[in-house]
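One structure below.
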Amino acid sequence: MLFKFLISSDVKSSEITPERIYHNRREFIQAGVGFGAVAALGFNIPQAGAETTALKNIIRDGIYDTEEKMTSLRVVSSYNNFYEFGTEKDDPFRNAHSLRPRPWTVKVDGHVENPGNYDLDDLISPHALQERIYRMRCVEAWSMVIPWVGIPLAEIINKLGPTSKAKYIRFETLYDKKQMPGQYRRVIPWPYVEGLRMDEAMNPLTLMAVGLYGETLPNQNGAPLRLVVPWKYGFKGIKSIVRISFVERMPRNSWKIIAPREYGFYANVNPDVDHLRWTQASERRIGEFRRRKTLMFNGYAEEVAHLYSGMNLKKNF
Ligand code: MTE
């Protein structure tokens, strides 16, 4: 099934500077200007790594916003971690053109009422797309502010109907060496795996992103579907998801498998719990010179601290 809905035009990011389009869109929304052209969901991304399709005014403004300066699209889409395309920060930008994000099927299994193989369009209702500007914090002590486009993961979960046995949700990235040549090297036991506790997954902050800066996701940012959990370190944000499983036991996530003393399951941003090899008390916002103090739960304590009440966060890092 293919959803049809309104987008502004067939403008491609290759034709106009995406960041400028993006800022214009925000001004248009504020001025109440609408558009009329009809197009499909717009996930039919061209092959090039950084090329995207406009989502424009299908997006509703989300409830989460920030006055903080956003990190430029150039940086957001060229300084990445996506080991399936290489381990250097600029590898994904250079190499992710081999990923084919459409058509895209997501397998849903485990303790769930509606398992099956879902086309992306059936999993994500475009009517529910929101824009949310989130602070993102990487475990390597740099941070960015990114305007994501996506839908709350809770909406997808509600549609799939997990049973009472489902205590955790597990995600898997595509495993296809032809599309993801970095998988020829076993730097990670492929496929990349991540997971959340069910209540974390249901928290309204948790987003399944399909775009950023008003465009579909660039391949290097995890097209066509990736997780965004803004109060956790960036490695929880698994990219290019092809499988969602509802499970009873805590999933073994990739980084915990590789280095269990350095990376935990929870991965909550916590200035009081250092990484084995470096401090997590401060961070460098990309584009800024001075380091800033890292905030507990990346500044989202009000929304999520209750999820961990009574837990020892030093032990459960
Ligand atoms: N997902 C997959 N499949 N493979 C990866 O290597 N890297 C993670 C996460 N998701 C990664 C992944 C890490 S370490 C980070 S910091 C974020 O993606 C980076 O997301 P970004 O490149 O969009 O900023």
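Whatever order the structure lists ligands and atoms in, that order sets their numbers, starting from 1.
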*Give a yes or no on whether the backbone of Gln280 and the side-chain of Asp274 come within a donor-acceptor separation of less than 3.5 Å.*
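Yes, the answer is positive, given that a donor and an acceptor are paired below the 3.5 Å cut-off.
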Could [X] and [Y] be called an ion pair, given the rule that one side-chain N must be under 4.0 Å from one carboxylate O?
| X | Y | result |
| --- | --- | --- |
| Arg135 | Glu68 | yes |
| Glu194 | Arg170 | no |
| Asp199 | Arg197 | yes |

*Can you say whether the rings of Tyr64 and Tyr134 are parallel (under 30°), tilted (30 to 60°) or perpendicular (over 60°)?*
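Geometry flag for Tyr134 against Tyr64: tilted rings.
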*Name the residues with a heavy atom less than 4.0 Å from ligand 1?*
Asn80, Asn81, Phe82, Tyr83, Glu84, Cys138, Thr173, Tyr192, Asn221, Arg226, Gly234, Phe235, Gly237, Ile238, Lys239
_Atom pair CG/OH of Leu55 and Tyr213 - distance to nearest 0.5 Å_ = 15.0 Å
